[in-house]
Protein chains: 2
Amino acid sequence: MVPRPIECPMSGSATQAVYELLRANLLAGLYRPEEKLKISELGAAFAVSTGAIREALARLTAEGLVTALPQRGFRVAPVSAADLRDLTDMRIEIETKCLRRAIENGDIGWETAVVAAHHRMAATPIAAADGSFSPAWTIAHGEFHAALAQACGSVWMMRVRDLLFVHNERYLDLARKTDRGNRDVAREHRELMEAALARDAERAVTIMTAHLAKTRDTIEAALLAAAAMTEAR
Amino acid sequence: MVPRPIECPMSGSATQAVYELLRANLLAGLYRPEEKLKISELGAAFAVSTGAIREALARLTAEGLVTALPQRGFRVAPVSAADLRDLTDMRIEIETKCLRRAIENGDIGWETAVVAAHHRMAATPIAAADGSFSPAWTIAHGEFHAALAQACGSVWMMRVRDLLFVHNERYLDLARKTDRGNRDVAREHRELMEAALARDAERAVTIMTAHLAKTRDTIEAALLAAAAMTEAR
DNA sequence: TTTTAGAAGAAAATATATTTTTGTTGCCGC
DNA sequence: GCGGCAACAAAAATATATTTTCTTCTAAAA
């Protein structure tokens with residue numbers, strides 16, 4: 001057989017590629033909440049047909065990252081302080097439950113994965129040139145938290161966790177320039193890892209809860225500040 | 001203005017209608033797990049273009065009701081006893097948490113909705129002519145459980161609850177002919193409502209947990225029996 | 001007899017064209 | 001001058017056609 005030409009399409013199909021790209025852009029805050037996502041514009045931008053865009057948007061709609069208004073197209077899902085509080089409450093519930101079970105069930109493979117993920121995250125610069133989170137750190141951060149939860153041994157719990165985490169990422173970016181100096185995120189993560197590896201469930205849960213709540217408060221402040229600014233214009 | 005012709009399209013767009021219909025069929029167990037969902041066949045069956053089908057399937061993929069294999073089309077998501085156990089564990093966590101919060105926060109409107117939903121469900125025949133659950137009862141049942149949880153006051157909690165509930169429905173149908181006689185489901189539901197209205201959180205949670213576990217066991221038995229039969233053919 | 005290569009057919013992925021709907025602007029009547 | 005109606009433009013929804021990819025059947029060689 002003739003070896004295939006180099007090509008190697010990014011992710012199988014064009015639709016899949018568009019979906020992933022669009023999703024990444026959405027999570028990175030490239031489009032503002034409530035912004036209209038014009039199908040033909042996106043099609044032109046990504047150089048694919050409108051059908052592929054529609055399919056990607058349909059998937060994102062089911063995920064809740066975009067909203068679909070019948071006959072009126074798609075928009076970026078809205079954000080609000082109330083939603084953030086609700087989301088964080090739920091995240092605290094799920095993340096701590098995952099964490100407890102992971103600490104109980106985790107084997108040496110889990111420990112190794114956590115240490116590895118933490119090492120990568122710690123070695124990655126947190127800020128990009130423009131003041132936002134660097135994409136590499138965002139990925140490493142997500143993988144660290146995922147690694148921590150992984151050993152919970154439940155596919156559904158991980159699935160729900162991932163869903164909530166992804167939605168939080170959308171908010172995370174909004175707080176990018178807000179008092180990051182007031183906070184030692186690296187230390188929080190390190191302590192989290194240490195408590196988990198020490199199998200100290202109570203301490204780990206306490207740290208995780210504080211970590212998530214602190215993140216929420218930081219974002220909420222940025223969110224309210226932005227809202228006030230919009231109000232006053 | 002000329003009054004529009006009767007039409008009144010079921011749910012806005014054709015895609016939306018196809019999505020809802022396909023989803024209902026999926027939950028009713030009309031297609032078997034792992035079965036291939038041919039786009040052109042579905043398009044012919046529903047008398048819409050392939051694009052509409054693709055869009056509906058994309059949304060269902062994001063929901064986890066169907067799986068997409070790149071370049072190889074779509075299939076009905078698989079089921080397994082392990083997945084059912086995992087799913088039920090998660091459901092018990094979430095449903096009981098919703099229930100506790102609803103019992104704490106629920107106002108007179110909530111009580112009214114619960115009573116109303118229960119009344120409708122109790123008055124609906126549970127079995128259809130062919131031995132499966134009647135569609136009307138399935139809907140009423142879903143609405144009863146939703147009404148119970150509604151007052152939890154968290155959009156995200158309800159969203160996760162709904163996701164899990166929907167996936168459970170897919171399993172529910174598999175156990176349709178299995179020893180339903182051994183079980184007094186109506187009594188379980190009545191006791192659940194009574195405990196909730198009496199604001200007895202502990203009792204309500206106990207009943208709910210038993211209810212969900214019992215459902216799981218019934219389905220699991222049917223699932224294993226079906227697997228054994230497939231094995232032996 | 002089994003395995004593999006090739007070709008034909010089927011189905012999915014994608015692009016393009018058409019139709020329908022919606023939002024906007026300008027004009028006419030009040 | 002203000003409100004409503006009509007025509008136009010933009011965008012979404014849908015259908016159809018084309019291309020690509022995968023699967024299966026057959027035939028030939030080991």
Side-chain angles (χ1 to χ4, degrees), chain A residues 1-23 26 31-32 34-63 65-78, chain B residues 1-23 26 31-32 34-63 65-78:
Chain A
M1 181 203 288
V2 176
R4 294 191 182 180
I6 312 296
E7 56 175 274
C8 175
M10 344 185 184
S11 311
S13 63
T15 301
Q16 182 70 16
V18 168
Y19 163 73
E20 285 172 16
L21 200 55
L22 208 48
R23 198 176 119 113
L26 234 26
Y31 311 111
R32 277 160 309 177
E34 319 253 352
E35 181 178 336
K36 196 160 198 325
L37 294 167
K38 291 185 192 170
I39 296 180
S40 45
E41 269 184 24
L42 290 171
F46 292 134
V48 294
S49 70
T50 60
I53 301 289
R54 286 191 69 82
E55 200 173 319
L57 287 173
R59 286 174 68 177
L60 292 166
T61 298
E63 267 184 278
L65 290 173
V66 313
T67 57
L69 297 93
Q71 242 76 22
R72 239 185 279 183
F74 299 87
R75 294 179 168 276
V76 180
Chain B
M1 182 204 286
V2 176
R4 293 191 183 179
I6 312 297
E7 55 175 273
C8 174
M10 345 187 180
S11 309
S13 62
T15 301
Q16 183 70 15
V18 168
Y19 163 73
E20 285 172 15
L21 200 55
L22 208 49
R23 196 178 121 114
L26 234 27
Y31 312 111
R32 277 160 309 177
E34 318 253 354
E35 181 178 335
K36 196 160 197 329
L37 295 167
K38 291 185 193 170
I39 296 180
S40 46
E41 268 184 24
L42 291 170
F46 291 135
V48 295
S49 71
T50 59
I53 301 290
R54 286 191 67 83
E55 200 172 319
L57 287 173
R59 285 175 68 178
L60 292 166
T61 298
E63 267 185 277
L65 290 173
V66 313
T67 58
L69 296 92
Q71 241 77 22
R72 240 185 278 183
F74 299 87
R75 296 179 166 276
V76 180

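First the proteins, then the strands, lettered A, B, ... as listed; each starts at 1.
Within the nucleic acid shown, Arg54(B) comes within 4.0 Å of at least one base atom, counting heavy atoms only. As judged by a 4.0 angstrom heavy-atom cut-off over every strand, Gly51(B) is placed among residues making no nucleic acid contact.
Here dA13(D) presents its P atom at 11 Å from CZ of Arg59(B), a figure rounded to the nearest Å. Rounding to whole angstrom units, CG of residue Leu37(A) and P of dA12(D) are separated by 9 Å. Distance CZ (Arg75(B)) to C1' (dA12(C)): 13 Å, rounded to an integer number of Å. For Leu42(B) and dA15(D), the CG to P distance is 14 Å, given to the nearest whole Å. The CD-P distance, from Glu55(A) to dT14(C), rounds to 8 Å in whole Å. Taking atom CG on Leu57(A) and atom P on dT14(D), their separation rounds to 15 Å, with Å as the unit. Rounded to whole Å, the distance from OH on Tyr19(B) to P on dT14(D) is 16 Å.
In the set dT14(D), dA12(D), dC22(D), dC22(D) carries the atom at the smallest distance from any side-chain atom of Gln71(B). With dA13(C), dT22(C), dA15(C) as the candidates, the nucleotide lying closest to the side chain of Val48(A) is dA15(C). For Thr50(A), the listed nucleotide lying nearest its side chain is dT16(C); candidates were dT16(D), dT16(C), dA13(C). Of the candidates dA13(D), dT21(D), dA11(C), the closest approach to any side-chain atom of Lys38(B) belongs to dA11(C). The Arg72(B) side chain lies nearest to dC22(D) when the options are dC22(D), dT14(D), dA13(C). With dA15(D), dA11(C), dA12(D) as the candidates, the nucleotide lying closest to the side chain of Lys36(A) is dA12(D). Looking at the side chain of Phe74(B), the nearest of the listed nucleotides dA13(C), dA12(C), dT14(C) is dA13(C).
Nearest approach of Lys36(A) to Gly73(A), heavy atoms of both residues: NZ-CA, 4.3 Å. Counting all heavy atoms, side chain and backbone alike, Pro70(B) lies closest to Ala68(B) at CD-O, 3.7 Å.
By the salt bridge (charged side-chain N to carboxylate O under 4.0 Å, His left out) test, Glu34(B) pairs with no residue at all, sequence neighbours left out. For Arg75(A), there are no side-chain hydrogen bond (donor to acceptor under 3.5 Å, both in side chains) partners two or more places apart in sequence or in a different chain.
Under 4.0 angstrom from either OP1 or OP2 of dT14(D) there lies no side-chain N or O belonging to Ser49(B).
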